[in-house]
Peer 1: 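One structure follows; several queries about it will come next.
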Amino acid sequence: MQCTPYREAVSARLDGESPGLPAGELDAHLAACPGCAAWSRQAELVTRRARLAPAPVVPDLTATVLAALPRELPGAAAAARARLATAALRLALLAVGVAQAALAWPSLVAGTGAMSAPVHMAHESGAWNLGIAAAFLAVAAAPRLAAGALPFLGTVAVLLAVLTVADLRAGHVAADRAAAHLLLLAGAALVAAVAWRGRRRRSALPAVRRERVPA
């Protein structure tokens, strides 16, 4: 029984591990114990044979594995369509933002407003339209901002639509002036679409993480 720790130490040393005993003590025991010395020589021989034995032939399964893979990863087509739709929304929002800024520019530069509005009122209207244009352009550049901009833009669009319809019926606004508000309505609708798509994508992430690719 007293040789067991030394033989375990020899086995650990052959495996490149710490023997757990001082090297001098282990060597002294092997020099004084013929049984452990013989066991150590046999262990060295077995270890050497195991390390030098030829590896078994393994078939090359590369072609089989590649042939079993699908030509298109699951969800790749849907992801491509989603990217295309998001890009189209952003381009449309960019166009609306530029048009909204162009609508605001004459009021800011020349102070000429619709329906002979005073200069300061024209400036206020221009600044308001330019701020809305900046919101549209910001969402087009960074779609993650859509959810934050939607409450403001949606409220303005709904109120403006209701008031414009009432003013048209009462004859307080010309049709061409009312038509200019369609830009704001279109931009708000695009921002709502971008925010909705972003919410759908975030809600789908946990389900994707839970999926496991079959072996």
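Just so you know, these numbers use all the heavy atoms, side chains as well, and skip hydrogens, waters and symmetry mates.
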Peer 1: Say whether, by atom type as modelled, one donor and one acceptor occur between the side chain of Thr86 and the main chain of Ala82 under 3.5 angstrom.
Peer 2: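 A pair under 3.5 Å: yes.
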Peer 1: Please give me the minimum heavy-atom distance between Ala140 and Leu94, naming the atom from each residue.
Peer 2: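 Nearest pair, atom of Ala140 first, then Leu94: CB-N, 3.9 Å.
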Peer 1: Are Phe152 and Leu184 joined in one hydrophobic group, where the rule is that I, L, V, M, F, W and Y side chains link up if heavy atoms are under 4.5 Å apart?
Peer 2: yes
Peer 1: Has Ser40 got a side-chain atom pairing as donor or acceptor with Cys36's backbone, closer than 3.5 angstrom?
Peer 2: no
Peer 1: Given side chains that start at C-beta, do those of Leu30 and Tyr6 come closer than 4.5 Å, heavy atoms only?
Peer 2: no
Peer 1: Indicate if Leu137 and Ile132 have the same hydrophobic cluster label, given that clusters are the connected sets of ILVMFWY residues with side-chain heavy-atom separations under 4.5 angstrom.
Peer 2: no
Peer 1: Can you get from Leu130 to Val156 by hopping between Ile, Leu, Val, Met, Phe, Trp and Tyr side chains that sit under 4.5 Å apart?
Peer 2: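 No, it is not one cluster - the side chains of Leu130 and Val156 are not joined through contacts under 4.5 Å.
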Peer 1: Hey, are the side chains of Cys3 and His29 touching, using non-hydrogen atoms and a 4.5 Å cut-off?
Peer 2: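 In contact.
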Peer 1: What pair of heavy atoms forms the shortest contact from Gln100 to Asn129, and how long is it?
Peer 2: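 Reported closest heavy-atom pair: NE2-OD1, 3.1 Å.
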Peer 1: Side chain of Asp60, backbone of Thr62: donor and acceptor closer than 3.5 Å?
Peer 2: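 Yes, Asp60 side chain to Thr62 backbone: donor-acceptor pair under 3.5 Å.
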Peer 1: Out of Leu89, Val96, Leu145, Leu153, which one pairs with Val191 under the side-chain contact (heavy atoms from CB on, under 4.5 Å) rule?
Peer 2: Leu153
Peer 1: Using the rule that two of Ile, Leu, Val, Met, Phe, Trp, Tyr join whenever any of their side-chain heavy atoms come within less than 4.5 Å, decide whether Trp128 and Leu160 are in one cluster.
Peer 2: yes
Peer 1: Are Leu190 and Trp196 connected in a single hydrophobic cluster, I mean Ile/Leu/Val/Met/Phe/Trp/Tyr linked by side-chain heavy atoms less than 4.5 Å apart?
Peer 2: no
Peer 1: Roughly how far, to the nearest 0.5 Å, is the CZ atom of Arg13 from the OG1 atom of Thr47?
Peer 2: 12.0 Å
Peer 1: Quick one: closest heavy-atom pair of Ala104 and Gly126, and the distance?
Peer 2: CB-O, 3.2 Å
Peer 1: Just how far is it from atom CG of Leu150 to atom CZ of Arg199, taken to the nearest 0.5 Å?
Peer 2: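 So the CG of Leu150 and the CZ of Arg199 are separated by 11.0 Å.
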Peer 1: Looking only at non-hydrogen atoms, find the nearest pair between Val139 and Ala149 and report the distance.
Peer 2: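 Looks like CG2-CB, 4.1 Å.
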Peer 1: Would you name the heavy atoms of Ala157 and Leu185 that are closest together and state the gap between them?
Peer 2: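 Minimum heavy-atom contact is O-CD2, 3.3 Å.
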Peer 1: If you compare all heavy atoms of Arg90 against all heavy atoms of Ala141, which two are closest, and at what distance to 0.1 Å?
Peer 2: NH2-O, 3.0 Å
Peer 1: Within this structure, what is the CD-CZ distance for the pair Glu44 and Arg49, rounded to the nearest 0.5 Å?
Peer 2: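 Spacing of CD (Glu44) from CZ (Arg49) equals 13.0 Å.
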